[in-house]
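Here is the structure we will look at, set down as structure tokens.
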Amino acid sequence: EPEVTQTPSHQVTQMGQEVILRCVPISNHLYFYWYRQILGQKVEFLVSFYNNEISEKSEIFDDQFSVERPDGSNFTLKIRSTKLEDSAMYFCASSEGPGVGTEAFFGQGTRLTVV
Amino acid sequence: QKEVEQDPGPLSVPEGAIVSLNCTYSNSAFQYFMWYRQYSRKGPELLMYTYSSGNKEDGRFTAQVDKSSKYISLFIRDSQPSDSATYLCAMSINTGTASKLTFGTGTRLQVTL
């Protein structure tokens with residue numbers, strides 16, 4: 001069964017360092033998303049991406065964040081200068097369509113710990 | 001008022017019980033309603049998806065949407081210990097582009113032997 005794959009599963013980084021979280025969406029999907037979940041809190045939308053550009057972003061997704069689809073299979077989230085409060089589970093998701101009659105499938109997540 | 005409200009639980013039931021999980025929402029623009037199951041430190045797994053008022057059944061799971069009351073439910077029949085997880089409701093609006101999901105906080109369910 002096709003699935004969304006995320007690497008690494010766990011990343012520890014020092015405050016102020018840059019991190020790149022990687023995702024391989026399901027191959028025939030065209031819409032890509034990043035969500036995050038701070039421990040004990042709800043899953044929050046960060047950004048959606050379609051046709052090589054951002055469709056929508058939340059207020060969390062500030063200038064420290066960027067996304068990229070560097071090739072035909074990968075989708076990355078970069079945090080330029082990590083802060084302690086960036087510690088969370090980051091989930092990549094993909095969907096075949098924009099949400100009308102389609103569903104988003106989530107990866108297993110990358111646990112980011114900023115120390 | 002939060003856009004999506006969900007009782008965090010925990011909810012503990014004996015094996016075989018019928019479980020009722022609920023969410024309320026305030027944004028009448030929400031059109032699509034989903035239930036996800038999340039095991040500890042794992043990604044959300046889609047269980048049910050619906051876009052209309054009424055019931056939708058899939059095996060032991062029934063999703064119910066009442067748009068007039070802004071209330072959605074997930075029923076689990078003959079609950080099993082393997083159903084122990086956090087259940088997240090999620091909703092979205094058709095924007096014509098990639099539609100973001102707005103999640104509830106999740107209800108932690110424990111099914112005991």
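Side chains are part of it too, since the values below use all heavy atoms of this structure and drop only hydrogens, waters and symmetry mates. Just so it is clear: chains get the letters A, B, ... in the order the sequence lines come, proteins before strands, and each one is counted from 1. As the structure is a computational prediction, the values presented were derived from the model and not from experiment.
- Between A/Phe106 and B/Tyr36, the ring centre distance stays below 6.0 Å.
- Between A/Arg111 and B/Arg41, some side-chain heavy-atom pair lies under the 4.5 Å cut-off.
- A/Ile60 and A/Val47 fall within the same hydrophobic cluster, where Ile, Leu, Val, Met, Phe, Trp and Tyr residues are linked whenever their side-chain heavy atoms come under 4.5 Å apart, directly or through other members.
- Distance NZ/B/Lys100 to NZ/A/Lys57: 13.0 Å, rounded to 0.5 Å.
- For the pair B/Leu101/A/Tyr33, no side-chain contact is recorded, criterion being any heavy-atom separation below 4.5 Å from C-beta on.
- Counting only heavy atoms from C-beta outward, the side chains of B/Phe103 and A/Tyr35 approach each other to under 4.5 Å.
- With a threshold of 4.5 angstrom between heavy atoms, A/Gln37 approaches chain B through side-chain atoms but not through N, CA, C or O.
- Under a cut-off of 6.0 angstrom, the local environment of CG in A/Leu39 is sparse, with at most 12 non-hydrogen atoms contributed by other residues, nucleotides or ligands.
- Minimum heavy-atom separation, B/Gly43 to A/Phe91: CA-CE2, 3.2 Å.
- Residues B/Leu47 and B/Phe75 are members of separate hydrophobic clusters, defined by side-chain heavy-atom contacts under 4.5 angstrom among Ile, Leu, Val, Met, Phe, Trp and Tyr.
- Heavy atoms of other residues, nucleotides or ligands lying less than 6.0 angstrom from NZ of B/Lys42 number 12 at most.
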Residues 8-28 of chain A, side-chain donor-acceptor partners within the protein, below 3.5 Å, at least two apart:
unit_1, atom_1, unit_2, atom_2, d
A/His10, NE2, A/Thr113, OG1, 3.2

| message | For a side chain to side chain contact (heavy atoms under 4.5 Å, CB included) check, start with the C-alpha distance between B/Tyr39 and A/Gln108, then their side-chain angles and the critical distance, and finish with the verdict. | response | CA-CA 10 Å; B/Tyr39 293 110; A/Gln108 294 300 290; over 6 Å; no

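- To the nearest 0.5 angstrom, B/Leu46 atom CG is 6.0 Å from A/Phe105 atom CZ.
- In terms of hydrophobic clustering, with Ile, Leu, Val, Met, Phe, Trp and Tyr side chains grouped at heavy-atom distances under 4.5 Å, A/Val4 and A/Phe32 are assigned to different clusters.
- Within the 4.5 Å cutoff, no side-chain heavy atoms of B/Gln6 are placed close to those of A/Lys42.
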